[in-house]
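Presented below is the structure to which this report refers.
The sequence lines fix the lettering, A, B, ..., with proteins before strands; numbering per chain opens at 1.
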Amino acid sequence: MSSLDGLYQELILDHSKARDGFGLAAEEGACATSHQRNPICGDEITLRVRLDGETIRDVTWEGAGCSISQASASMLTGLIDGVDRSTATAVIGRFREALRSRGTIELDEDEFGDAAALNGVSKFTARVKCAMLAWVALEDALARA
Amino acid sequence: MSSLDGLYQELILDHSKARDGFGLAAEEGACATSHQRNPICGDEITLRVRLDGETIRDVTWEGAGCSISQASASMLTGLIDGVDRSTATAVIGRFREALRSRGTIELDEDEFGDAAALNGVSKFTARVKCAMLAWVALEDALARA
Amino acid sequence: MSPLGFDAARARADFPLLSQRVNGHPLVYLDSGATSQKPQQVLDAELDFLTRTNAAVHRGAHTLAAEATELFEDARHTVAAFVGADEETLVWTHGATEGLNLVAYAIGNATAGRGAPASAALALRSGDEIVTTETEHHANLLPWQELAARTGAVLRHVPVHDDGTLDLPAAATLIGERTRVVAFSHVSNVLGIVNPVSELVALAHAVGALAVLDACQSAPHVPLDLPALGVDLAVFSGHKMLGPYGIGGLYGRREVLEAMPPFLTGGSMITTVELDRAEYLPPPMRFEAGTQPVSQAVGLAAAVRYLEALGMPAVHAHERELERRMREGLRAIEGVRLLGDADADRVALVAFDVDGVHAHDVGQVLDAQGIAVRVGHHCAQPLHRRFGLTASVRASASVFTTPDDVDVFVEAVAGVRAFFGVRS
Amino acid sequence: MSPLGFDAARARADFPLLSQRVNGHPLVYLDSGATSQKPQQVLDAELDFLTRTNAAVHRGAHTLAAEATELFEDARHTVAAFVGADEETLVWTHGATEGLNLVAYAIGNATAGRGAPASAALALRSGDEIVTTETEHHANLLPWQELAARTGAVLRHVPVHDDGTLDLPAAATLIGERTRVVAFSHVSNVLGIVNPVSELVALAHAVGALAVLDACQSAPHVPLDLPALGVDLAVFSGHKMLGPYGIGGLYGRREVLEAMPPFLTGGSMITTVELDRAEYLPPPMRFEAGTQPVSQAVGLAAAVRYLEALGMPAVHAHERELERRMREGLRAIEGVRLLGDADADRVALVAFDVDGVHAHDVGQVLDAQGIAVRVGHHCAQPLHRRFGLTASVRASASVFTTPDDVDVFVEAVAGVRAFFGVRS
Ligand SMILES: Cc1ncc(COP(=O)(O)O)c(C=O)c1O
Ligand SMILES: Cc1ncc(COP(=O)(O)O)c(C=O)c1O
């Protein structure tokens, strides 16, 4: 199960249980919310950020899904808090690129923090959508805000 | 072209030009008419018989089609004139059986007269419908009468 | 070998795909409910057709066209006989989804005034009811939803018990005077239980409604005699019964097909076409517009002959053995819940939930061991919602599935919760 | 070999079926307009998929399913690129007939109030007009007749000149304020003439009508760039372009596909399903209900790669040479009349009448010499009526057709009238 261990790194299993940011905050002040769904497995997420000018604050989310999608949302929460919008958008773009690269682009730990543990996902093309779910929600929320 | 000669016997080519019974008679007295169409090639025939009690009289027809269908209608005209209905129905049945037999059942000249020359058709499954067209029209006309 | 002399290991050797290793393990393919693998006999039949006889059917006078037409119509005869039907009552479709849409649209077209005078009997009035069940595949829900939306008809749904059996007393109440269509699956693709067709047909016919059967998940697994079941219409898909993609069948009682206006229109289903109007052929050709999936029909006939050579009663007995083994094995695993665990007549298909582990993750762990199962809602979202889930894991067997395959699978499921560190 | 370096004899060697003898003669297959033969590369691609990768796409998490999904989506990319389109604008269908029905039914569904708010723009009002042409295949006539009958729209038809070219001034008059759809073929399957797409698209767009192109007979023969042609929607069939049966494509401009309500409904085209309602995915998946013809999509991609390796400009040049040779040869035969003999841009397809000999009989005589042509109305009854015929003989070529094939064919036609004793 070595390729499997590459996918389900310890950090992922931990995040999938800890779920940082889980529990949607009330809509107060300048907020942006997005609901995303993976039609294949029925997984869904609702993600909300508060905006302090151009700065993202208080990422919270709610939803059900596989360990990859839950861990990814949890990791995103920590990564993006306090970051400004344009940086966040760029980070999401690079995350997507790496995940779609079939293992040819590595997620840099300096840039992606815990989320770098999602590296292994890019070799499992069917799971890329799971890992992307929260990130697509954030992208969509920012685009609407 | 030997198999072709088996299909297009001299008698068939002659009948396809002579076309006995061609030219639809006016509807007078006890008549039965049927219009049949081969949807594949667009060939059609309208066939009419006069009924003298149970006896078939004056078979006439009109229509356009390939040499096989025209010859077959022409041959049918001579064969069926003066025959009684139930005999005609039986003859049509045996004709169909022979044509669908892929060459295993021969058309008997005593029973089928000139139409026995259509024997070769049964080996050309795509042409069976052409040869049957007038006979199906007669069958239908009798069924309605 | 089973008592019936059924040798799945020997059948397995006929399926070239199954000889491969996946992730270093021998492939255990338990996703036949989604699509089955194809035996060499089917691949050969289609290839042979394409390399020796291929030509447009029902059209040319040339030799190839005549031969192709014969093979195509022989295939219709073979497949019709497999479901107990006459060839004139079997319409080729591209699959069950198209078949169900065909029926729904034909009824819609009758409602819009199309078709022969007899078609009027199929027309729906606002407030007429269409009854399906809570257990249906989306293919047997959405076409009816859309038909209802277009015609003002109302949808009703027969509920399902916790054990996966349909609530027949509720069905008897639901199916009433206004009911015009009762559409249900022979076997649900999530529950694996053989539904009581005759009872539902009787309820439908008692009120003059059409009984429409989705036989997708029964055709490859249980002996079928559609006319004997009394259904008015039934659909199945070739790719789920060892045949090619893109081919399926719609069976219809003669009178019902006769009354249905066309659905798809185009070449080869007409007698006369003018620029502004057309006349249509009788069934089955009325419903077969355009170039048909000819090589696939020939392939499906080969699939059906393959199943007949094994013998459908033997296939069903084999599957009953497998399903018992699967269910017993899974029941013994802590945290595993089966969806619809009734000891009814069944096919070898089970869906289950592993407490604390998402279906996707279960599937991934199995895949790493070479075991292919399906995860998700299996195109039955309402049924999953009914069981309080969004997704489940489904294992489904076929003629080539061995008891060993089942054991490997059960053992792998038993290890899943430990892998994810879920405490019992 | 042609000046462009096109070697049809070498291509011919790739087609296993063509090596056979028919009635004692080498097969001369001139029925590609009905269905083309398939090169080994296509047969191999499909077989390879079925024996190594086959699994349900877009669904499982297991390894085979992931690989199958990739091949399936790569195929979409390849086929889309072949017609100049982005993959999101290519919808899989089972063939051109289904594609045209999809468009007509989607418009019908929009008229019935289905779809998103944007769908309302597609709705027809009574008296709205749908324009096709006198030259259309039944597949591009009947779906519009049925749509018109259901919605109260009116059909109009662009007439055709004796030489087979469309009457453009008449089209300019016909296409007016009430016109909502202009549907026409790129190349008629009887005339072989490449129609002036840009002119017709301009007329359609000038009045805000949708331009729908039937590209069945152009896709295998001329380089295609559908977005550059400006059409809103276009259809083609795999089996006419060296690919498998049961697969085809519908190209649509993004905004148009976006506005279209679904046609077939079922699995894999939804986001959420409840018992009484559902939400649908965006295009192209919104239009791909149920199990798709996966191996056939992979096969069609291989066909398209085969054509691209030959080079579509070279293919077209090769065909132009063949069509000139055919038409010159036939014109020289007494009693032979060509349907639509304009020296326009053409593909290598000609239909003709032999004075005094029925098309069926002509076909039979050619078949006896191993030459496969099509006889009948070729699903274009109105066009035949326009030319005073019920049936004609059609010869149609492909990449594997050699000048020798054409010569054998022309010589055989020259002998037909003598065989039937028709005096000149
Ligand atoms: C019960 C049931 N009905 C309908 C379908 C749809 O079949 P297809 O996708 O082959 O059209 C399926 C399979 O997905 C099924 O399992
Ligand atoms: C011009 C044209 N349109 C449409 C069709 C229908 O294509 P299919 O039968 O593959 O659906 C054909 C072929 O028969 C055709 O030649």
Contacting moiety of [X], where chain D heavy atoms sit under 4.5 Å:
X: Thr133(C); answer: backbone
X: Ser36(C); answer: backbone
X: Leu47(C); answer: side chain
X: Leu141(C); answer: side chain
X: Val22(C); answer: side chain
X: Gln20(C); answer: side chain
X: His94(C); answer: both
X: Gln37(C); answer: both

With a 4.5 Å cut-off on heavy-atom pairs, point out which of [options] contacts chain D the most.
options: Pro293(C), Gly246(C), Ala139(C), Pro382(C); answer: Pro382(C)
options: Ile371(C), Thr265(C), Thr97(C), Leu43(C); answer: Thr265(C)
options: Glu136(C), Glu98(C), Lys38(C), Arg385(C); answer: Arg385(C)
options: Leu64(C), Leu100(C), Thr151(C), Leu27(C); answer: Leu64(C)
options: Thr132(C), Thr35(C), Leu18(C); answer: Thr35(C)
options: Ser295(C), Ala380(C), Ala112(C); answer: Ser295(C)

Between [options], which has the largest tally of heavy atom pairs under 4.5 Å with chain C?
options: Arg150(D), His157(D), Glu46(D), Arg114(D); result: His157(D)
options: Ile247(D), Leu155(D), Leu264(D), Val154(D); result: Leu264(D)
options: Ala96(D), Ala278(D), Gly370(D); result: Ala278(D)
options: Leu275(D), Thr53(D), Leu383(D); result: Leu275(D)
options: Pro262(D), Gly248(D), Gly363(D), Pro143(D); result: Pro143(D)

Between [X] and [Y], is any side-chain donor less than 3.5 angstrom from a side-chain acceptor?
X: His62(C); Y: Asp31(D); answer: yes
X: Gln145(C); Y: Asp276(D); answer: no
X: Thr63(D); Y: Asn23(C); answer: yes

**Item:** Test item: His138(C) side-chain N/O and Gln381(C) main-chain N/O as donor-acceptor pair under 3.5 Å
**Value:**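 Answer holds: yes.
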With no hydrogens and no angle check, is any side-chain donor or acceptor of Ser237(D) less than 3.5 Å from a backbone partner on His239(D)? no
**Study point:** Lys240(D) to Tyr245(D), cation-pi by 6.0 Å centre distance and 45° axis angle
**Key:**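 Checked: cation-pi criterion not met.
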If you take all heavy atoms of Pro244(C) and Gly299(C), which pair is closest and at what distance?
->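 The answer is CD-C, 3.7 Å.
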Counting the benzene-type ring for Trp, do Phe263(D) and Phe263(C) have ring centres under 6.0 Å apart?
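Judged by ring-centre distance (under 6.0 Å), Phe263(D) and Phe263(C) do meet the cut-off.
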Parallel under 30°, tilted from 30 to 60°, perpendicular over 60°: which one fits the rings of His377(C) and His384(C)? perpendicular
Determine, for Arg277(C) against Glu279(C), whether the closest basic-nitrogen to carboxylate-oxygen distance falls under 4.0 angstrom.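 Yes, this pair counts.
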Task: Non-hydrogen side-chain atoms of Phe49(C) and Val294(C) separated by less than 4.5 Å - done: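 Yes, close enough: below the 4.5 Å cut-off.
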